[in-house]
Amino acid sequence: MNADHTMARRAAALMALAAAVLLGGCASTVRLEHEVRSQAAWTAAPPAAGERYRFERLPSQRSGDAEREQAMLERLAEPVLARYGLQRAEASEAVSAVPWAVQIVARSVRYPHAPWDPPEPRPAWLPHGQVILGRGVVSGIGLHWTLRPPYYVRELALTVRDRRSGEVVFESRAVQDGPWADSEALWSALLQAALDGFPSPPTGARRVVIESPRP
């Protein structure tokens, strides 16, 4: 899929979403599109129902705000992994009783406006032409002002490692973009998209739609 086609599809999706919000403002859910790539390479049988796992963290995920964000992602991942039979191990369980390790790496980028929005000319008296106001970016052109909401791109990578062999046997990456700021509901949808098809997902890039509570 080329960049122009992807941009056009996202623009159409955002316009459809905006129309849905205007026509059905009381709707409790939204349909979120995700671009997903997954790969499985099971050297032994995939996890059986009830098998245990532990989360692994990178050094950068073990302190400060990163640690709190990681704890949130792991908490959200627990019920999603449980749908596929995987259960989080208790801290007291012996290492030999926990055959799987799960690692999550995520990031979120906030842009001043959607990528297909053209830049607006700036009046001479407004050097940067934009003022941050809450969740939006207000652009001024003379006496005419428009409110352009920021745009967010979230990406999440999830891997499963066989602790007995040390090999990574499953990896998946999901990308979600849209006008909403980070929320637990949106991260939960990303986790669901990343694990779609587990343990034997389709190969290649695909689109996964998740219905989520409205942010």
Side-chain angles (χ1 to χ4, degrees), residues 1-37 64-66 68-73 75-77 80 104-158 172-194 196 205-215:
M1 183 181 295
N2 60 44
D4 291 340
H5 182 74
T6 299
M7 194 72 72
R9 179 178 61 77
R10 289 180 176 175
L14 188 61
M15 287 188 288
L17 179 61
V21 170
L22 291 174
L23 294 175
C26 295
S28 59
T29 61
V30 292
R31 289 169 57 85
L32 300 170
E33 288 192 1
H34 301 80
E35 295 179 9
V36 180
R37 284 183 177 270
D65 290 342
R68 287 186 286 275
E69 292 166 2
Q70 198 65 21
M72 179 267 293
L73 289 171
R75 173 172 53 81
L76 296 175
V80 182
I104 301 169
V105 178
R107 69 170 187 153
S108 176
V109 180
R110 179 186 186 276
Y111 295 96
H113 53 77
W116 50 81
D117 285 343
E120 295 183 2
R122 297 191 299 270
W125 49 268
L126 190 61
H128 298 289
Q130 295 182 336
V131 178
I132 302 299
L133 180 64
R135 295 178 59 188
V137 176
V138 179
S139 298
I141 306 177
L143 297 178
H144 175 68
W145 293 82
T146 59
L147 180 65
R148 299 199 301 178
Y151 200 78
Y152 300 84
V153 178
R154 280 170 286 273
E155 183 175 1
L156 182 143
L158 183 147
S172 185
R173 185 177 302 273
V175 179
Q176 172 198 97
D177 57 0
W180 291 300
D182 295 349
S183 72
E184 291 195 2
L186 296 177
W187 285 116
S188 179
L190 260 169
L191 286 159
Q192 293 175 58
D196 179 71
R206 66 191 190 280
R207 182 173 68 97
V208 176
V209 177
I210 302 292
E211 288 200 357
S212 171
R214 183 173 295 281

Let me see the working for L186 and Y152 under side-chain contact (heavy atoms from CB on, under 4.5 Å), right down to the final yes or no.
CA-CA 11 Å; L186 296 177; Y152 300 84; over 6 Å; no
Compare every heavy atom of [Y] with every heavy atom of [X], then report the nearest pair and how far apart it is.
| X | Y | answer |
| --- | --- | --- |
| R154 | S108 | CG-OG, 3.6 Å |
| P213 | A185 | O-CB, 4.1 Å |
| L76 | S188 | CD1-N, 4.2 Å |
| L156 | A194 | CD2-CB, 4.0 Å |
| A106 | W187 | CB-CZ3, 3.7 Å |

Q192 side chain to I210 backbone, donor-acceptor under 3.5 Å
no
Hey, does the side chain of Q70 reach the backbone of I104 with a donor-acceptor pair shorter than 3.5 angstrom?
yes
The side chain to side chain donor-acceptor pair (under 3.5 Å) partners of S183 (sequence neighbours excluded) come to none
Out of Q176, R207, R206, which one pairs with H34 under the side chain to side chain donor-acceptor pair (under 3.5 Å) rule?
Q176
pair L73-E69: side-chain heavy atoms closer than 4.5 Å
no
Is there a side-chain contact between Y111 and D177 in this structure, where contact means two heavy atoms from C-beta onward sitting under 4.5 Å apart?
no
Per the side-chain contact (heavy atoms from CB on, under 4.5 Å) rule, which among L191, V208, V36 passes with D196?
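Among the candidates, only V208 passes.
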